[in-house]
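What follows is a short report on a single structure.
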Amino acid sequence: MPVKSYKKYISLLAFVGPAFIFYAIFLLIPTVAGMYYSFTDWNGLNPNYSFNGLANFIEALREDPDFVNSLLFTLKYVLFMVVLQNVLALMLAVFIESKTRTKGFFRTIFFMPNMISTIISAFMWTFVFSQVLPQIAEKTVMKFLDQLWIGDPKYSFYSIIIVSLWNGVGYMMIIYLAALQGVPQSLKEAAHIDGATPFQAFRNVTMPMITHAITICFFLTLNGAFKVYEVVYGLTGGGPGRSTQVITMNIYEEAFSNNFRYGYASAKSVILFVIILIFTFIQIRVMKKKEVEA
Amino acid sequence: MRQKKATDVFITLFLCIGAIISFFPIYLAIINSVKTQGEMFSSFVALPTKLHFENYSQAFDKINLLNSTLNSAIVSVIGIGGIVFCAALAGYKLSRTSGRLSNMIFFLFIASMLVPFHSIMIPLTRMAKNLHVSGSTYGLAIIYVGLGVNMAIFLYHGFVKSIPRELEEAARIDGCGEFQTFFRIIFPLLLPITVTIAILDFLWIWNDFLLPLLMLTDSTKYTLILSTNTLFGEYNKEWSLILAALVLTALPVIVIYAFFQKFIMQGIAEGAIKG
């Protein structure tokens, strides 16, 4: 018996080993190391560093207005993105699904922006915002288009949202479309015969059937929105000043472009991680409960 | 009946406007990339009167197109190959083994999917430097293997459950070793999920920006995205050149999209719903 279980472990090791080695070196150890450094005053260069307990966390949340502002800005972004991305994606999916002949065409068009790298999308839109829209405003009656879309913090938030949506809605739309195809046609017909309006049928027949997809898409958008970096980097670079700086950018700046306070930057990244965990946990709990009820 | 018609018109209108917004930036990038700077500033929206491909030949050199594309391809191919190989082995075994150790390892892989890249980026940069994998395209590819196996294991783990155990038992009776059974019998059956994983990882690795930015310093090693980023920073106002570079950078994925659209969409839907 012992020989057999010994053999079993060897075989498990042989199969899982390669994946685990890469995973441990590049993901597991860095994760743990990041948490460890967050309690130190390590500056990345000096081999000597000491523990300073929760000092980094307290400093980040109490004495670092830039960090707190970036955190609040990110939360605002997350709120907008989670709601808008899901509403738009679901609307598009339902509308496209209702078409028969043009379904493929619209699906192709709406998903295409998602293929393009986020950073390239941001560069394309920089052109649109800084050059094209002001020119259109000048030549036509649409004067409202002439704004400092990128330079004015009042508008740049919306510019960031627009580009993020443009780039990201297609992905969620595909997931919703797949879920909608799983709703049996007979149920919709039954609802129609019973006199339900299209909206009622959607609300009471379709929605409960796709709650699983809604949970997934909320999870994906929530997680993705907290990690936003490239759109902001490409569009505003966090500016003007630090007015559009998101949390990931603040961490990057702290670690690589400012004073190499690795320990302090690690503490900030742990804060980000914990926030994502809490939000994800709540979201999954709430929506799973809804799924069961539905 | 009239109300139905009105809804129909509304839906069509909504979709058409959405489609225009969706395509507008791509259209602008393409048409303006073949205009001269002067023609461009007289109107961005109008079609070009004459095609100027100088922007392209200039952008071609400036982003070192062939070299950058090759780098991106190397990173993607090795990265995806490594992920598929490692994760298929591990996902299969973890799915077939019960017991506390196996469950614990699987949980560890899954839990790490929630870790944001920015939380590991600082120690990862140090680690890569210490192991001398930073600064090279191959090193970059290996890091992608480490970061990508968790999701792939998750997908393989789920998929393996749908494969009957009898197949392996039959192979075992016929004298196949465990590895032989895996590579001859199981791995070919995993093809659908392998395609899904390869697609998802290709889109991720090819379009990724931050990891190459942190790892690569030598511009001859730059990926396509990184080269274009550098060009964007250097030629701030030369829009016709920048747009040509953007179109060139977006082109490979658009071509792949044109050919594999069905697989890509299926891959995304499957990847999400299995999750």
Side-chain angles (χ1 to χ4, degrees), chain A residues 11-12 15-16 18-20 22-23 25-31 33-34 37 92 95-96 98 106 108-113 115-120 123-125 127-128 131-132 135-136 166 171 174-175 178 198 216 220 226-227 229-230 248 251 255 262 265-266 269-270 272-273 276-277 280, chain B residues 7 11 14-15 18-19 22-23 25-26 28-29 44-45 86-87 89-90 92-94 97 101-102 105 109 112 114-120 122-124 127 142-143 145-147 149-150 153 178 207 209-210 225 228-229 232 239 242-243 246 249-250 253-254 257 261 265 268-269 272-273 275:
Chain A
S11 133
L12 185 67
F15 273 87
V16 181
F20 197 79
F22 288 116
Y23 161 75
I25 294 175
F26 296 117
L27 187 52
L28 186 61
I29 295 174
T31 307
Y37 290 137
L92 287 177
F95 288 176
I96 288 175
S98 77
F106 281 122
T108 306
I109 291 287
F110 285 120
F111 185 66
M112 197 183 324
M115 287 284 101
I116 299 171
S117 153
T118 322
I119 190 102
I120 301 299
F123 290 157
M124 275 185 190
W125 277 93
F127 173 66
V128 175
Q131 309 292 324
V132 180
Q135 198 189 60
I136 291 177
W166 182 77
Y171 198 93
I174 294 298
I175 299 173
I216 293 163
L220 290 174
F226 268 114
K227 297 181 209 165
Y229 180 83
E230 296 176 4
T248 50
I251 295 170
Y262 278 20
S266 295
S269 71
V270 169
L272 170 67
F273 185 25
I276 293 182
L277 276 185
T280 307
Chain B
T7 342
I11 287 175
F14 185 91
L15 287 176
S22 212
F23 195 63
I26 301 173
L28 285 172
F44 290 116
V45 188
C86 293
L89 279 170
Y92 161 72
K93 194 70 191 176
L94 289 172
T97 325
L101 181 69
S102 156
I105 296 173
F109 278 120
S112 67
L114 281 174
V115 178
F117 178 74
H118 281 82
S119 295
I120 61 160
I122 301 163
L124 181 63
M127 178 73 93
I142 291 173
I143 298 175
V145 176
L147 300 183
V149 283
N150 50 8
I153 286 177
E178 218 178 343
N207 285 334
F209 169 64
L210 197 50
I225 302 286
T228 306
N229 175 54
F232 188 81
W239 279 109
I242 291 170
L243 291 173
L246 294 183
T249 311
V253 274
I254 296 291
Y257 178 53
Q261 191 197 30
M265 288 180 178
I268 287 171
I273 284 166

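What you see below is based on every heavy atom in this structure, not just the backbone, and it leaves out hydrogens, waters and symmetry mates. Proteins come first, then strands; the chains are lettered A, B, ... in the order of their sequence lines, and each starts at number 1. Please read all numbers here as calculations on a predicted model, not as lab measurements.
- Here CZ of B:F232 is found 9.5 Å from CD1 of A:I120. Values are rounded to the nearest 0.5 Å.
- The line from CG of B:L114 to CG of A:L277 is 6.0 Å long, rounded to the nearest 0.5 Å.
- For B:F209, the parts sitting under 4.5 Å from any heavy atom of chain A are the backbone and the side chain alike.
- Only the side chain of B:I254 has a heavy atom closer than 4.5 Å to any heavy atom of chain A.
- Residues B:P123 and A:P30 approach most closely at CG-O, 3.3 Å, considering heavy atoms.
- Chain A forms more heavy-atom pairs under 4.5 Å with one residue of B:I153, B:I225, B:N150 than with any other, namely B:I225.
- With contacts defined as side-chain heavy-atom distances shorter than 4.5 Å, the pair B:I268/A:F111 qualifies.
- Considering every non-hydrogen atom in both A:M112 and B:I26, the closest pair reads SD-CD1, 4.0 Å.
- Among A:I276, A:T280, A:L12, A:L272, the residue making the largest number of heavy-atom pairs under 4.5 Å with chain B is A:L12.
- In this structure, A:F226 and B:P116 have side chains that are not in contact, with every pair of non-hydrogen atoms separated by 4.5 Å or more.
- B:I142 touches chain A through backbone and side chain together, each having a heavy atom under 4.5 Å away.
- Between B:F109 and A:Y23, the two ring planes are tilted [angle within 30° to 60°].
- The structure places CG of B:L89 at 15.5 Å from CZ of A:F20, a figure rounded to the nearest 0.5 Å.
- Between B:N207 and A:T118, every side-chain heavy-atom pair lies at or beyond the 4.5 Å cut-off.
- Judged by distance alone, the side chain of B:S119 and the main-chain N or O of A:V270 form no donor-acceptor pair under 3.5 Å.
- Note that CG of B:L210 and NZ of A:K227 are 12.5 Å apart. Values are rounded to the nearest 0.5 Å.
- Taking all atoms of both residues into account, the shortest heavy-atom contact from A:F123 to B:W239 is O-CZ3, 4.2 Å.
- Minimum heavy-atom separation, A:V16 to B:K93: CG2-CB, 4.3 Å.
- For A:S98, the part sitting under 4.5 Å from any heavy atom of chain B is the side chain, from C-beta outward, and nothing else.
- Summarising the geometry of A:W166 relative to B:S22, their closest heavy-atom pair is NE1-O, 2.9 Å, with the distance given to 0.1 Å.
- Each of B:V115, B:V253, B:V149 has some count of heavy-atom pairs under 4.5 Å with chain A, and the biggest count is that of B:V115.
- For B:F14, the part lying under 4.5 angstrom from a heavy atom of chain A is the side chain only.
- Only the side chain of B:M127 comes within contact range of chain A, with at least one heavy atom under 4.5 Å from a heavy atom of that chain.
- Heavy atoms closer than 4.5 Å to chain A are found in both the backbone and the side chain of B:E178.
- With respect to chain B, the highest number of heavy-atom pairs below 4.5 Å among A:W125, A:F22, A:F95 belongs to A:F95.
- Heavy atoms closer than 4.5 Å to chain B are found in both the backbone and the side chain of A:L27.
- For A:I116, the parts lying under 4.5 angstrom from a heavy atom of chain B are both the backbone and the side chain.
- Using a 4.5 Å heavy-atom threshold, the side chains of A:T31 and B:S112 count as separate.
- Comparing B:A87, B:S102, B:G18 by heavy-atom pairs within less than 4.5 Å of chain A, the highest count is held by B:G18.
- In this structure, chain B has a heavy atom under 4.5 Å from the side chain of A:Y229, while its backbone stays farther away.
- Interface remark: A:F106 contributes side-chain atoms only to the contact with chain B (heavy atom separation under 4.5 Å).
- Separating the NE2 atom in B:H118 from the CD1 atom in A:I251 is a distance of 6.5 Å, to the nearest 0.5 Å.
- Residues that satisfy the side-chain hydrogen bond (donor to acceptor under 3.5 Å, both in side chains) test with A:Y37, not counting sequence neighbours, are absent from this structure.
- Ranked by non-hydrogen atom pairs under 4.5 Å with chain B, the options A:A33, A:A178, A:G34, A:S11 are led by A:S11.
- Comparing A:L28, A:V128, A:I119 by how many heavy-atom pairs each has under 4.5 Å with chain B, the most go to A:I119.
- Side-chain contact between B:L243 and A:F127 is present, with heavy atoms from C-beta onward closer than 4.5 Å.
- For the pair B:I120/A:F26, no side-chain contact is recorded, criterion being any heavy-atom separation below 4.5 Å from C-beta on.
- Of all heavy-atom pairs between A:F110 and B:L15, the closest is CZ-O, 3.4 Å.
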